[in-house]
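Worth saying up front: this structure is predicted, and the values here are computed from it rather than measured. We name chains A, B, ... by the order of the sequence lines, and we start the count at 1 in each one.
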Protein chains: 2
Amino acid sequence: MKNQERSLRHESRLNQMLSRVRDRHFRLTPQRMAILQILANSEEHPTVEDIYQQVKTRFPTTSLATVYKTIALLKELDEVLELGFPDGSNRYDGNRPYPHPHAICTKCKKIMDPEISSVDELSEEMRQKTGYTISFHRLDFFGLCPECQDKP
Amino acid sequence: MKNQERSLRHESRLNQMLSRVRDRHFRLTPQRMAILQILANSEEHPTVEDIYQQVKTRFPTTSLATVYKTIALLKELDEVLELGFPDGSNRYDGNRPYPHPHAICTKCKKIMDPEISSVDELSEEMRQKTGYTISFHRLDFFGLCPECQDKP
DNA sequence: TCCTTTGCAGATAACGGTTATCAAGAAATA
DNA sequence: TATTTCTTGATAACCGTTATCTGCAAAGGA
């Protein structure tokens with residue numbers, strides 16, 4: 001079952017996050033736990049505002065600052081991937097916290113994470129032609145998702 | 001001679017920009033002309049502030065707003081490529097105003113534009129695996145440029 | 001040539017997501 | 001229990017960009 005697989009992966013991601021937080025002796029407050037769960041469980045690359053709204057359903061007094069600070073913590077631990085956009089509409093990926101290509105719908109903003117084979121070759125080609133030592137990348141492909149192609 | 005080739009390319013780019021501006025019946029003010037020249041002549045992917053400082057050497061009363069408005073005009077004409085970054089350090093490419101891969105030095109911020117062969121294949125692979133209709137992309141590779149590798 | 005219209009330049013206020021600051025509270029440590 | 005350290009929540013500050021407005025200058029028509 002696909003949903004079972006996903007559930008297992010999410011649980012595994014949460015455990016990974018939790019052990020990293022504990023290993024570095026950061027405190028595991030209820031607010032942090034809630035934010036970690038949201039990030040581990042979401043496939044939708046949520047915004048800070050999305051996360052903030054979700055946390056508030058469980059902890060209504062949570063501040064936006066807490067969300068920002070928890071995300072900063074996870075970035076430091078390399079447990080979340082930040083997809084920053086110039087217009088400020090940043091998104092977060094707690095499931096695959098390493099650089100990978102994205103397909104981004106220019107209309108509904110849905111983001112997909114396909115497995116792509118030839119990224120390493122491309123990275124190597126960049127290294128050869130520029131002399132740069134490539135350590136990470138950001139690969140975004142923009143267009144219309146299948147749903148938005150149908151309804152114009 | 002490499003410099004001659006580059007000079008010719010820059011001149012050709014400037015002419016291209018000028019005719020686009022004229023075709024659409026936008027006025028060619030001295031400030032606009034200066035900004036177009038800067039963009040056509042620069043290989044360094046300047047920031048708005050860079051452009052602003054350069055224009056002011058010729059027209060000291062130029063306003064930042066004029067730089068922003070001229071860039072907005074060129075974006076509308078697809079005659080400049082905006083490389084927006086989430087931290088606000090945006091850069092502009094007046095020489096190659098179409099999507100292409102960049103190598104970006106994380107230390108000195110130097111940007112290179114190598115010719116890469118396999119971008120179309122990658123785009124096609126994205127299309128196949130996501131169902132998105134890819135219309136443009138943004139491909140950034142980050143690392144240390146040759147100069148910054150030498151001096152630690 | 002004069003006049004009207006339109007567009008542009010310059011100055012500055014407003015905007016908005018993020019970061020910094022700080023007081024109050026809670027958890028760890030002694 | 002006392003003390004230290006960390007975290008939360010609220011809000012001010014930040015800063016590149018955008019919006020607004022006034023005055024000016026070029027284009028086009030009588």
Take atom CE of A/Met33 and atom C1' of D/dT8, then tell me their distance rounded to the nearest Å. 17 Å
Looking only at N and O atoms, is any donor in the side chain of A/Arg32 or the base of D/dT8 less than 3.5 Å from an acceptor on the other one? no
Phosphate contact (C/dA9 OP1 or OP2) by B/Thr29 side-chain N/O below 4.0 Å: yes
What is the nucleic acid contact for B/Ser89, judged by heavy atoms within less than 4.0 Å: base, sugar-phosphate only, or nothing? nothing
Please report, rounded to the nearest Å, how far the P atom of D/dA26 is from the CG atom of B/Leu28. 13 Å
If you assign each of A/Leu73 and A/Ala65 to its closest nucleotide in DNA chain D, which residue comes earlier from the 5' end? A/Leu73
So, is B/Tyr68 close to the D/dT18 phosphate, meaning a side-chain N or O under 4.0 Å from OP1 or OP2? no
Looking only at side chains, do B/Gln37 and B/His10 share a donor and an acceptor under 3.5 Å apart? no
In whole angstrom, what separates A/Leu64's CG from C/dT21's C1'? 16 Å
With no angle test and no hydrogens, is the base of C/dT6 tied to the side chain of B/Arg27 by a donor-acceptor pair under 3.5 Å? yes
Got a second to check how far B/Thr29's OG1 is from B/Ile35's CD1, nearest 0.5 Å? 7.5 Å
Given the side-chain rings of B/His137 and B/His100, with only the six-membered ring counted for Trp, is the space between their centroids under 6.0 Å? no
Using a 4.0 Å heavy-atom cut-off across all strands, classify A/Asn90 as base, sugar-phosphate, or nothing. sugar-phosphate
From CG of A/Leu83 across to P of C/dG17 the rounded distance in Å is 18 Å
Atom NE2 of A/His25 and atom P of D/dT7 are separated, to the nearest Å, by 12 Å
Roughly how many Å is it from CG in A/Asp87 to P in D/dT18, rounded to a whole number? 10 Å
Are side-chain N/O atoms of A/Glu125 and B/Ser117 paired as donor and acceptor at under 3.5 Å? yes
What I want to check is whether an N or O donor and acceptor connect the side chain of B/Lys69 with the base of C/dG7 at under 3.5 Å. no
Does the side chain of A/Thr47 pick up a donor-acceptor pair with the side chain of A/Asp50 at under 3.5 Å? yes
Of B/Phe26 and A/Gly88, the one whose closest DNA chain C nucleotide lies more 5': B/Phe26
For D/dT8, take OP1 and OP2 only and decide whether either is under 4.0 Å from a side-chain N or O of A/Ser63. no
From CZ of A/Phe59 across to C1' of C/dG25 the rounded distance in Å is 16 Å
Whole-Å distance between D/dT7 P and A/Arg24 CZ? 12 Å
How would you label the contact of A/Glu49 with the nucleic acid (heavy atoms, under 4.0 Å): base, sugar-phosphate, or nothing? nothing
